[in-house]
Amino acid sequence: DWVPVEYITKDGKYEGMISDVMAQFSETIGTKIVLVPTSTWQDSLDYAKNRQCDILTAARDTPKRRVFMNFTTPYLSFPNVIATSNRQVYITDIESVMHETFGVVKGYAYAETLKTRYPNLKLKEYDDTLQGLRAVQEGKLFGFLDTLPKIAYLIQTNAAYDIKVSGQIGRRHSISVATRNDEPILKDIFQVAVDAFPEIERQKVVDHWLAVRFEQGFD
């Protein structure tokens, strides 16, 4: 449920940016990539750990995940942003709001990275981004942290006009194909697919799914 990056529709169809990328990768490696449906991102991580799937299509490389997965080089990246009430002025430095509480999706590598970089940052985990944005609307959270495509899509499709993107935080969210590390040749296979996917084609995929402007600062 990472619209418009990747998601499963109500009728079980796999769609989104990554779906388009996987179609390209499937053609490159000459093998069909089969969807194994899960209910949450944490479920997907558990499936990977338990070898109930062979790859994670879009995962961030972290030391904890390397225990059970290998990673290709990143093939897409997105800004990590802060969604707050639309009354909040633009946040130029996360340190200025370190006393506030932020939400993040449970199981995200992003949370692991933030806790390392900002030990005093107060984080609360949610099952999905929409749940977190509703907590912001209800005043239970100061802000929610996720990638720009996900936040922008949910604001638009849920008419959440009392929510806005108020800043960026940390480095861009870079995603790779994660492959089970007990089958090391899988990483080599998907690395070939990543290397054969030119930058111009990657940008076409993103542009097709994402039509939103993000302006830094305020007028």
Side-chain angles (χ1 to χ4, degrees), residues 1-80 104-113 125 127-129 146-150 153 171-210:
D1 186 21
W2 193 14
V3 183
V5 182
E6 64 173 352
Y7 61 100
I8 301 173
T9 65
K10 291 180 179 179
D11 58 358
K13 189 178 179 183
Y14 178 47
E15 292 190 349
M17 296 180 194
I18 309 304
S19 170
D20 289 353
V21 173
M22 288 302 121
Q24 295 266 9
F25 287 179
S26 178
E27 188 175 329
T28 300
I29 66 176
T31 302
K32 185 177 180 182
I33 297 173
V34 180
L35 174 68
V36 180
T38 55
S39 299
T40 66
W41 174 240
Q42 187 59 55
D43 282 348
S44 295
L45 290 174
D46 291 340
Y47 269 49
K49 283 181 186 177
N50 298 328
R51 309 311 190 195
Q52 292 170 271
C53 65
D54 300 309
I55 69 168
L56 296 174
T57 54
R60 193 167 181 173
D61 186 354
T62 70
K64 286 184 179 178
R65 292 177 181 174
R66 283 185 214 138
V67 173
F68 58 97
M69 302 295 279
N70 291 328
F71 293 84
T72 66
T73 55
Y75 62 88
L76 285 181
S77 68
F78 309 104
N80 288 307
V104 70
V105 174
K106 186 184 296 183
Y108 269 21
Y110 188 36
E112 183 184 330
T113 303
E125 295 185 325
D127 287 334
D128 58 57
T129 303
D146 208 327
T147 57
L148 177 59
K150 179 69 173 182
Y153 178 84
R171 298 175 181 175
R172 291 174 68 88
H173 188 95
S174 297
I175 52 177
S176 306
V177 180
T179 63
R180 53 189 295 171
N181 61 6
D182 60 340
E183 296 283 0
I185 196 171
L186 270 180
K187 184 211 167 184
D188 298 334
I189 290 169
F190 277 96
Q191 186 61 56
V192 168
V194 170
D195 293 342
F197 191 39
E199 182 62 37
I200 189 170
E201 293 300 323
R202 302 179 196 198
Q203 195 56 51
K204 282 181 182 178
V205 168
V206 173
D207 291 345
H208 173 72
W209 285 94
L210 182 63

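Predicted model, so just to flag it, every value in this text is computed and none were measured. Numbers here are sequence positions counted from 1.
The shortest distance between side-chain heavy atoms of Asn181 and Arg66 does not fall below 4.5 Å. No side-chain heavy atom of Phe197 sits under 4.5 Å from any side-chain heavy atom of Thr28. Two residues are said to be in side-chain contact when any heavy atoms from C-beta on lie closer than 4.5 Å; Ile55 and Phe25 fail this criterion. Contact annotation: the side chain of Thr40 never approaches that of Lys106 to less than 4.5 Å [non-hydrogen atoms, C-beta and beyond]. The shortest distance between side-chain heavy atoms of Asp146 and Tyr108 falls below 4.5 Å. Looking at heavy atoms from C-beta onward, Ile18 lies out of side-chain contact with Trp209 at the 4.5 angstrom threshold. Proximity of Glu6 to Thr57: side-chain heavy atoms (C-beta onward) are separated by under 4.5 Å at one or more points.
Closest non-hydrogen pair, Arg172 versus Pro79, comes out as NH1-CG, 3.6 Å. Nearest heavy atoms, Gly12 versus Leu35: O-CD2, 4.0 Å. When every heavy atom of Ala58 is checked against every heavy atom of Trp41, the shortest pair comes out as O-CH2, 3.8 Å. The nearest pair of heavy atoms linking Ala59 to Phe71 is CB-CE2, 4.0 Å. Closest heavy-atom contact between Met22 and Val177: CE-CG2, 4.0 Å. Listed here is the closest heavy atom pair of Gln42 and Gly107: OE1-CA, 3.4 Å.
Summarising the local packing, CZ of Arg171 is surrounded by 12 or fewer heavy atoms from other residues, nucleotides or ligands at distances under 6.0 Å. More than 12 heavy atoms of other residues, nucleotides or ligands sit less than 6.0 Å from atom CD of Gln52.
In this structure, Gln203 CD and Leu76 CG are separated by 8.5 Å, a value rounded to the nearest 0.5 Å. Put simply, CG on Asp195 and OG1 on Thr72 are 8.5 Å apart, with the number rounded to the nearest 0.5 Å. Note that CG of Asp43 and CG of Asp127 are 9.5 Å apart. Values are rounded to the nearest 0.5 Å. Taken to the nearest 0.5 Å, the NE2 atom of His173 stands 6.5 Å off from the OG1 atom of Thr147. The CE atom of Met17 lies 10.5 Å from the OH atom of Tyr7; values are rounded to the nearest 0.5 Å. The structure places OG of Ser19 at 10.0 Å from CD1 of Ile33, a figure rounded to the nearest 0.5 Å.
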Legend entry - Worked check of side-chain contact (heavy atoms from CB on, under 4.5 Å) between Asp54 and Glu183: CA-CA 9 Å; Asp54 300 309; Glu183 296 283 0; 5.8 Å; no
Inset, instruction - Could you give me the CA-CA distance, side-chain angles and deciding distance for Asp11 and Lys13, then say whether salt bridge (Lys or Arg N to Asp or Glu O under 4.0 Å) is met? - result: CA-CA 6 Å; Asp11 58 358; Lys13 189 178 179 183; over 6 Å; no
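With hydrogens and angles ignored, the 3.5 Å screen pairs no side-chain donor or acceptor of Arg51 with any backbone N or O of Arg180.
Met69 pairs with exactly one of Leu56, Leu186, Leu45 by the side chain to side chain contact (heavy atoms under 4.5 Å, CB included) rule, that one being Leu56.
No hydrogens or angles considered: nothing links the side chains of Ser176 and Asp61 as a donor-acceptor pair under 3.5 Å.
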